[in-house]
Amino acid sequence: METDRRKLLSEIFCDAIEKFAFMFGELAVREDLYPVSNEYINARMTFEGEMTGDIAIAVPEKMCMEIAANILGVNSDDEQAMNLAIDSIKEVLNVACGQVLTAIAGEKTLFNLSIPEVSELDASGWTKMLNKTETIGFLVDDYPVLLYFSLNE
Amino acid sequence: MALNVLVVDDSAVVRAVISKTFQLAGIPVGELFQAGNGKEALEILNNNWVDLVFSDINMPVMGGIEMIEKMCEDGLLKTIPVIVVSTEGSTTRIEQLKSKGISAYIRKPFTPELVRKVVDDIIGGQDGD
């Protein structure tokens, strides 16, 4: 992925997670992103329009609860945060996707977005995603996060 | 006057955030109805008095645009102000929605202050009619 697009995606993702989930992200070096557990959640959605492609975010399962807690203003062990954990990572992806597409394609371009879908990732799935050239790695409040963005150009 | 509000979004976390935003923004809410898609929303609208609808666009079963179109076909439902809350930033989409009669468009993420201003503009506008 070109450096300019990588930089743009990084800025947009960090801005989106800060504004929506009140968490702070920064680009991470590869050593910080190696899998340390077998429990990750991957949220993915596609877009169609002037450009087509897909975008995905993978995070440790525990982070989903923290995102939900931050969004809702409750503790991460709160029942509501636990119930809405998966929903919250889907929404982070949704917000990031909207912001990325506007930044890349301009404000007039119309896209049809799919509904975000989630799946579980184990350590090998995480490593596979980490190794893709379209993936950018972050540390968000010390949690490793992978952002994958691909255009069918 | 407390408003009966319907929040339509397939994301439970977004419905919870919007509900919380009403409290933070000091918007007086009477009954708060929630729907996970446009079809559920229309059922609620047909059976309850609702003053204001907050709706997402991109939802399973029935999306926001189809829901708005169906509301426009109904003499009573078409008078209910609809505020679209979405992640999409396309001005083309916003114009498309405005042509279908929506009252306002709020892009996620949003602040309580923005929601308050939008609601005030719509309800104030209605009061002045």
Side-chain angles (χ1 to χ4, degrees), chain A residues 12 15-23 43 45-51 55 64-65 67-74 78-118, chain B residues 7-25 32 34-40 54-67 84-100 102 105-115:
Chain A
I12 291 168
D15 187 58
I17 195 107
E18 182 182 337
K19 284 184 178 155
F20 190 65
F22 312 107
M23 299 177 92
M45 64 192 290
T46 60
F47 49 88
E48 290 179 2
E50 196 173 276
M51 296 177 286
I55 182 168
C64 294
M65 282 180 259
I67 293 171
N70 282 5
I71 292 172
L72 298 166
V74 298
D78 186 282
E79 194 181 340
Q80 194 184 19
M82 288 193 272
N83 291 340
L84 299 180
I86 297 300
D87 229 28
S88 67
I89 189 63
K90 285 160 78 174
E91 198 52 31
V92 167
L93 177 67
N94 212 7
V95 168
C97 181
Q99 303 282 347
V100 165
L101 293 178
T102 306
I104 290 178
E107 291 197 335
K108 292 202 168 173
T109 311
L110 200 57
F111 287 97
N112 289 317
L113 311 180
S114 73
I115 307 289
E117 292 177 357
V118 293
Chain B
V7 180
V8 192
D9 200 304
D10 57 320
S11 167
V13 78
V14 172
R15 297 199 303 268
V17 166
I18 292 176
S19 305
K20 190 161 190 173
T21 300
F22 295 145
Q23 295 169 22
L24 293 171
L32 180 68
Q34 297 191 31
N37 59 59
K39 186 167 181 262
E40 287 178 15
F54 281 73
S55 180
D56 189 15
I57 302 173
N58 198 22
M59 295 178 286
V61 184
M62 183 189 288
I65 293 176
E66 189 180 350
M67 180 197 78
V84 170
V85 183
S86 174
T87 57
E88 287 189 50
S90 163
T91 51
T92 308
R93 176 78 77 201
I94 296 168
E95 288 309 314
Q96 181 190 52
L97 289 163
K98 284 187 175 165
S99 74
K100 292 185 186 296
I102 68 159
Y105 184 92
I106 295 175
R107 191 173 186 193
K108 299 176 197 169
F110 51 79
T111 62
E113 292 78 13
L114 176 63
V115 173

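Quick note on labels: first sequence line is chain A, next is B, and so on, each numbered from 1.
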Using side-chain contact (heavy atoms from CB on, under 4.5 Å) as the criterion, point out the one residue from B:Lys39, B:Met62, B:Met59 that pairs with B:Val8.
B:Met59
For the candidates A:Asn112, A:Thr102, A:Leu110, which exhibits the highest count of non-hydrogen atom pairs separated by less than 4.5 Å from chain B?
A:Leu110
Under 6.0 Å between the ring centres of B:Phe54 and B:Phe110?
no
Any side-chain heavy-atom pair of B:Arg15 and B:Asp56 under 4.5 Å
no
Sequence neighbours left out, what pairs pass salt bridge (charged side-chain N to carboxylate O under 4.0 Å, His left out) with at least one residue falling in residues 88-110 of chain A?
A:Glu91-B:Lys108
Just so I understand: if I count every heavy-atom pair under 4.5 Å between each of A:Ser88, A:Ala68, A:Ala16 and chain B, which residue has the most?
A:Ser88
Can you tell me which portion of A:Gln80 sits under 4.5 Å from chain B's heavy atoms? Options are side chain, backbone, both or neither.
side chain
